[in-house]
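Because only heavy atoms are used, hydrogens play no part in the values below, and waters and symmetry mates are left out as well, while side chains stay in. A, B, ... follow the sequence lines: proteins, then strands. Residue 1 opens every chain.
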There are 2 protein chains.
Amino acid sequence: MKKSLGAKTFLYPTPVLLMGTYDGDNKPNLMTVAWGGICCSVPPCVTVSLRKATHSYGSIVSRKAFTINIPSSDQVEIADYFGIESGRNTDKFKKAGITEVKSDIVEAPYGEEFSIVLECKLLHTIKIGLHTQFIGEIMDVKASQSIIGKDGRPNLEKIDPIIYDTGGRNYFSIGKNIGKAFSIGKNTK
Amino acid sequence: MKKSLGAKTFLYPTPVLLMGTYDGDNKPNLMTVAWGGICCSVPPCVTVSLRKATHSYGSIVSRKAFTINIPSSDQVEIADYFGIESGRNTDKFKKAGITEVKSDIVEAPYGEEFSIVLECKLLHTIKIGLHTQFIGEIMDVKASQSIIGKDGRPNLEKIDPIIYDTGGRNYFSIGKNIGKAFSIGKNTK
């Protein structure tokens with residue numbers, strides 16, 4: 001018998017994504033987003049949801065592009081910082097010591113120090129409520145050589161991404177490999 | 001200097017969500033979804049993306065409701081199973097030994113053995129490409145007493161959710177608590 005907790009955003013896990021944008025004055029910004037994820041395989045698309053009050057909201061609307069930077073667990077302090085300061089009056093790249101790189105395919109910046117970055121072009125804007133959802137087509141993924149495995153793909157343990165705990169408002173690291181997808185369920189089948 | 005990996009769905013982490021639906025014949029189904037997440041705080045909403053070819057696609061379209069069940073790491077085998085068998089001709093609840101519970105607020109079933117469940121009413125349908133995105137309003141969250149912490153909220157370590165590794169196609173468990181959100185970034189600020 002389960003207990004009702006009410007209508008809450010208790011989904012586990014949620015990611016810690018740093019969204020990179022330029023505003024109308026070409027000022028770069030990074031903002032922490034936990035409301036997001038992949039939403040289509042072909043074309044590859046990612047979704048991020050923002051409140052209209054944020055500085056990044058206007059930047060996406062005007063530039064129609066953004067990047068998604070994946071911070072690692074040893075970058076957890078600056079990942080949190082990008083969520084608690086507004087980019088309206090501050091150069092958060094500079095303050096956090098992150099090197100701004102202008103994407104060569106979309107009008108958005110990313111941080112050189114993040115090991116994996118998705119460069120996205122705005123496809124859809126869906127007004128839901130407090131948050132508006134932006135769907136971006138992933139035009140390219142740029143990765144540091146250090147997190148690419150022998151198979152040529154990103155290695156999750158090397159990326160060492162952060163998990164956001166929506167109930168307790170904590171950050172967690174990744175644990176251990178517990179099985180092969182599309183494989184370990186075959187016994188039940 | 002980063003290396004281009006092409007336009008791929010390399011986002012980290014992605015969740016492992018089990019979506020519960022009834023089809024037109026009231027047959028219950030659970031399907032594994034990694035393309036999803038929270039997309040609005042007010043009203044609380046969750047998004048899941050499905051291919052049109054899946055059995056669950058037609059069920060959501062006709063019943064306008066679904067549940068999101070969060071499996072724990074010790075349920076990883078059945079979590080994978082729900083992704084590799086179609087519910088078209090099989091009662092996957094029965095085969096996996098999961099007890100079907102009919103939600104009392106939306107027209108969808110959930111699994112009693114999953115410690116936390118979101119009951120959702122379909123709000124928006126967005127056709128993107130191979131995947132269609134369904135946005136559901138979270139009408140209630142039901143949780144097992146065992147995963148509720150002293151603060152009355154779900155405890156992430158007790159839920160022990162699974163992470164899907166999109167590059168390597170592995171499942172991972174949660175690691176350790178690495179900091180307090182909206183707090184540890186204050187030094188940088």
J.: Identify which part of B:Ser115 has an atom lying under 4.5 Å from any heavy atom of chain A, answering side chain, backbone, both or neither.
T.: backbone
J.: Could you tell me which non-hydrogen atom of B:Ser41 sits nearest to which non-hydrogen atom of A:Trp35, and how far apart they are?
T.: OG-NE1, 2.8 Å
J.: Who wins among B:Gly97, B:Gly83, B:Ala143, B:Gly167 for the most heavy-atom pairs under 4.5 Å with chain A?
T.: B:Ala143
J.: Could you tell me which portion of B:Lys92 (side chain, backbone, both or neither) has an atom closer than 4.5 angstrom to a non-hydrogen atom of chain A?
T.: neither
J.: Measure A:Phe134 against the heavy atoms of chain B and call it side chain, backbone, both or neither at under 4.5 Å.
T.: neither
J.: Examine whether an atom of A:Pro161 lies under 4.5 Å from a heavy atom of chain B, and if so say whether it belongs to the side chain, the backbone or both; otherwise answer neither.
T.: side chain
J.: Indicate yes or no for a side-chain donor-acceptor contact from B:Asp140 to the backbone of A:Gly6 under 3.5 Å, with no hydrogens or angles considered.
T.: yes
J.: Okay, side chain of B:Asn170, backbone of A:Lys180: is any donor-acceptor separation there less than 3.5 Å?
T.: no
J.: With only heavy atoms counted, which part of B:Phe82 is less than 4.5 Å from chain A, the side chain, the backbone, both or neither?
T.: neither
J.: At a 4.5 Å cut-off on heavy atoms, which part of A:Asn187 comes close to chain B: side chain, backbone, both, or neither?
T.: side chain
J.: Chain B heavy atoms under 4.5 Å from A:Val46: which part of the residue, side chain, backbone, both or neither?
T.: side chain
J.: Would you confirm whether B:Gln145, through its side chain, and A:Lys2, through its main-chain N or O, come within 3.5 Å as a donor-acceptor pair?
T.: no
J.: Might you work through the side chain to side chain contact (heavy atoms under 4.5 Å, CB included) test for B:Asp165 and A:Ile174, ending with a clear yes or no?
T.: CA-CA 11 Å; B:Asp165 162 18; A:Ile174 291 290; over 6 Å; no
J.: Go through B:Asp151, B:Ile126, B:Ile68 and name the one with the most non-hydrogen pairs under 4.5 angstrom from chain A.
T.: B:Ile126
J.: Do any N or O atoms from the side chain of A:Lys95 and from the backbone of B:Lys189 form a donor-acceptor pair under 3.5 angstrom?
T.: yes
J.: Below 4.5 Å, heavy atoms only, C-beta onward: do B:Cys40 and A:Ser49 meet side chain to side chain?
T.: no
J.: Whether the side chain of B:Asp80 engages the backbone of A:Ile184 through a donor-acceptor N/O pair (distance < 3.5 Å, no angle test) should be reported.
T.: yes
J.: Check whether A:Gln133 gets within reach of chain B through its side chain, its backbone, both or neither, counting any heavy atom under 4.5 Å.
T.: side chain
J.: Sort B:Ile84 into side chain, backbone, both or neither according to what part of it lies under 4.5 angstrom from a heavy atom of chain A.
T.: both
J.: Under a 4.5 Å heavy-atom cut-off, does chain A meet the side chain of B:Pro15, its backbone, both or neither?
T.: both
J.: Tell me, side chain or backbone of A:Leu118 under 4.5 Å from chain B's heavy atoms, or both, or neither?
T.: side chain
J.: Would you find a donor on one side and an acceptor on the other, under 3.5 Å apart, between the side chain of A:Lys176 and the backbone of B:Ser173?
T.: no
J.: Need one label for A:Thr47: side chain, backbone, both or neither, based on atoms under 4.5 Å from any heavy atom in chain B.
T.: side chain
J.: For A:Ile148, is it the side chain, the backbone, both or neither that has a heavy atom under 4.5 Å from a heavy atom of chain B?
T.: side chain
J.: Would you mind checking which part of B:Ile138 comes under 4.5 Å of any heavy atom in chain A, side chain (CB onward), backbone (N, CA, C, O), both or neither?
T.: both
J.: Going through the checks in order, is the side chain to side chain contact (heavy atoms under 4.5 Å, CB included) test met by A:Leu17 and B:Leu11?
T.: CA-CA 9 Å; A:Leu17 310 174; B:Leu11 188 93; 3.8 Å; yes
